[in-house]
Amino acid sequence: MNQRTNDEVLQLLQAFQLTSDNHGAYAGEWIETTGPRIESINPTTGEAIASVRMASADEYERVAQVTIEAFEAWRTWPAPQRGEVVRQLGDALRKQKDELGRLVTLEVGKTLSEGLGEVQEMIDMADLAVGMSRQLFGKSMHSERPQHRMYEQWHPMGPTGIITAFNFPVAVWAWNAMVAAVCGNSMIWKPSPEAPLTSLAVTRIAQRVLEENDAPAIFNLAIGGVEQVGEALVADTRFPLISATGSVRMGKQVGAAVAARMGRSLLELGGNNGLLVMDDADLDLALRGVLFGAAGTAGQRCTTTRRLFLQKGIAQEMKERLVQAYGSVRIGDPLEDNVLMGPLINQKAVDGMLEALERVQEQGGRILCGGKSLDGPGFFVEPTLVEIDQQTPMVCDETFAPILYIMEFDDLDEAIAIHNAVPQGLSSAIFTLNMRSAERFLAATGSDCGIANVNIGTSGAEIGGAFGGEKDTGGGREAGSDSWKAYMRRQTCTLNWGTELPLAQGVEFEV
Ligand code: NAD
């Protein structure tokens, strides 16, 4: 494994004013945090990149106070002016795209092309949110009462908590933060402890933009333990909206805690994404779709293809072609050119993958290729194909690693039924050249997922659409379309400009 030199790492850290030991909280100014120290580990080498002191419960409270005060001011800024600040944030990210993309790759191990793509997604979100800032439309409706006007308008929801997963350490923040900002909300970001450095880097960029605009401290950060920061934020009634991205296990806890205090949660949780290949499919296209979907990002996307359903006529050929293609996936240092698959995030993820493979074999699974971890340094595994006759409990679980379960089917109705028979409902795809099969998959009786694609794999969504999934995936929607509504509160206004006071539904109440 080609290891990064210390100089390169130092240069990257310096680009964001990071040192070998950093404070993990920002609220208009950097706070000298006193919580336990965590290390950011480069999963390619297993070595520490730098350390971060986490926020204590008191320091969380300081960040919360500033965030609440910032909301009072920020919500009075006209939305297009808020959009102007977000536009500048997009530009600032453009200037540091290369460095930030490299830092993402260094810290979480996705390939450089994907690290850069993640920063591009932040920039795209900024552009989209700038447009939204002039389009936070409400509807007007005709009142049933004479000389009355009725309309709805949207106000900022309030201070917002953003909890993010390790695998999209910066893009998920941007999905939320860019939109929340134009909607008039201030926010606290609680990033994954696996990716603290990228959150510090992004906060540095956002800090500069806010200062240049004399804007209130709306982009705040609290790196901390689940108890001191995560649960404190989730329980904090001053934060009416909590957006949480991560595992189903985490989402069930967060969703229940926020609901118990009548808050609003926006949950983006795990997937178990299926892809169907019909006998009539363009197999070259399908092969590429499956390969990127299942082995790309080392299987660490919420939209990773985890289940492959092959119609019997093409099943053998597809399996053979996949085994061959899997054999040529170049695994290695994700900062190197031509590498297609980097490491898993940590040793626990490697162990989790190996355990899942053991269990699925006990349930009748047969490994077609891969199945092993690679000798260190770093947390590398082989992308793995497992053939299995039926959808066992293990296949219904999301194992966050490059395992693809392959099943065969006779007809489309049967395949759709098996496809939908898992707890998660994030992304799905069909490869077919038959219009009827495509429409059947997209119909109300077809895929039950939030995302359904035809002749495109399950992963790699564009920001223009609303992103999210059903069932255990949590039901949240982020990014494009009308997802902004989650960050605002709706107010229905009725205005009487007449001299009478008629009641709705013709109710009489005269004294
Ligand atoms: P995780 O659930 O372990 O952690 C996610 C975040 O939640 C972290 O910041 C963690 O510290 C925090 N957290 C955990 N328990 C908490 C609690 N009780 N209260 C408050 N915060 C808590 O997930 P991960 O391993 O970082 O990420 C991988 C998972 O995320 C996968 O399941 C993947 O599918 C999912 N994911 C989903 C989406 C999506 O948009 N649907 C996107 C990315 C990742």
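Whatever order the structure lists ligands and atoms in, that order sets their numbers, starting from 1.
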Does any N/O atom on T164 come nearer than 3.5 Å to any N/O atom on ligand 1?
-> yes
Heavy-atom nearest neighbour in the protein, as seen from atom 18 (N) of ligand 1, with distance rounded to 0.1 Å | Q253 OE1, 2.9 Å
heavy-atom search around atom 24 (P) of ligand 1 in the protein gives F166 CD2, 3.7 Å
Name the closest protein heavy atom to atom 27 (O) of ligand 1, giving the residue it belongs to and the distance to 0.1 Å.
-> A165 CB, 3.2 Å
For residues N167 and V108, determine if any side-chain heavy atom of one lies less than 4.5 Å from a side-chain heavy atom of the other.
-> no
Quick one: which ligand 1 atoms are inside 4.0 Å of a heavy atom on F400?
-> 28 (C), 31 (C), 33 (C), 34 (O)
Begin from the C-alpha positions of S56 and E59 and carry the test side-chain hydrogen bond (donor to acceptor under 3.5 Å, both in side chains) through to its verdict.
-> CA-CA 5 Å; S56 65; E59 287 141 12; 3.1 Å; yes
Between D472 and K252, does at least one N-O distance fall below 4.0 Å, as a salt bridge requires?
-> yes
Going by atom types only, do T305 and N273 share a side-chain donor-acceptor pair under 3.5 Å?
-> no
Which ligand 1 atoms, with their elements, are less than 4.0 angstrom from a heavy-atom of P191?
-> 9 (O)
Between R307 and E398, does at least one N-O distance fall below 4.0 Å, as a salt bridge requires?
-> no
Measure from NZ or CZ of K110 to the centre of the six-membered ring of F168, then state whether that distance is under 6.0 Å and the direction lies within 45° of the axis.
-> yes
Backbone or side-chain N or O of F168 under 3.5 Å from ligand 1 N or O | no
For atom 36 (N) of ligand 1, is the nearest protein heavy atom closer than 4.0 Å?
-> yes
Can you sort out which atoms of ligand 1 are near P193, meaning under 4.0 Å from one of its heavy atoms?
-> 11 (O)
Number the atoms of ligand 1 from 1 as they appear, then name those within less than 4.0 Å of a heavy atom of N167, with their elements.
-> 43 (C), 44 (C)
Strictly by modelled atom types, are T67 and S186 linked by a side-chain donor-acceptor pair under 3.5 Å?
-> no
Under 3.5 Å, N or O to N or O, is S247 touching ligand 1 that way?
-> yes
For E398, is at least one N or O under 3.5 Å away from an N or O on ligand 1?
-> yes
Do we see a donor-acceptor contact under 3.5 Å between the side chains of W173 and S199?
-> no
Of all protein heavy atoms, the one nearest atom 7 (O) of ligand 1 is I163 CG2, 3.4 Å
Does any N/O atom on R301 come nearer than 3.5 Å to any N/O atom on ligand 1?
-> no
For W30 and Q207, does a side-chain donor sit closer than 3.5 Å to a side-chain acceptor?
-> yes
Below 4.0 angstrom, N of the basic side chain to O of the carboxylate: do E114 and R301 qualify?
-> yes
Among protein heavy atoms, which lies nearest atom 17 (C) of ligand 1, and at what distance?
-> V226 CG1, 3.6 Å
Grab the two heavy atoms, one from T245 and one from E478, that are nearest each other, plus how far apart they are.
-> OG1-OE2, 4.2 Å
Heavy-atom nearest neighbour of atom 10 (C) of ligand 1 within options M250, K190, K348, R477 | K190
Atom 30 (O) of ligand 1: of G246, P169, A195, G230, the nearest heavy atom sits on G246
Under 3.5 Å, is there a donor-acceptor pair between the S428 and S447 side chains?
-> yes
Which of the numbered atoms in ligand 1 are below 4.0 angstrom from a heavy atom of S192?
-> 9 (O)
With heavy atoms of V254 as the reference, note each atom of ligand 1 found under 4.0 Å away.
-> 19 (N), 20 (C)
Atom 5 (C) of ligand 1 sits nearest the protein heavy atom T245 O, 3.5 Å
N/O separation below 3.5 Å, L269 to ligand 1 | yes
R102/D98 salt bridge by N-O under 4.0 Å criterion = yes
What residue and atom, counting heavy atoms only, is the protein's closest point to atom 3 (O) of ligand 1, and at what distance?
-> R249 NH2, 3.9 Å
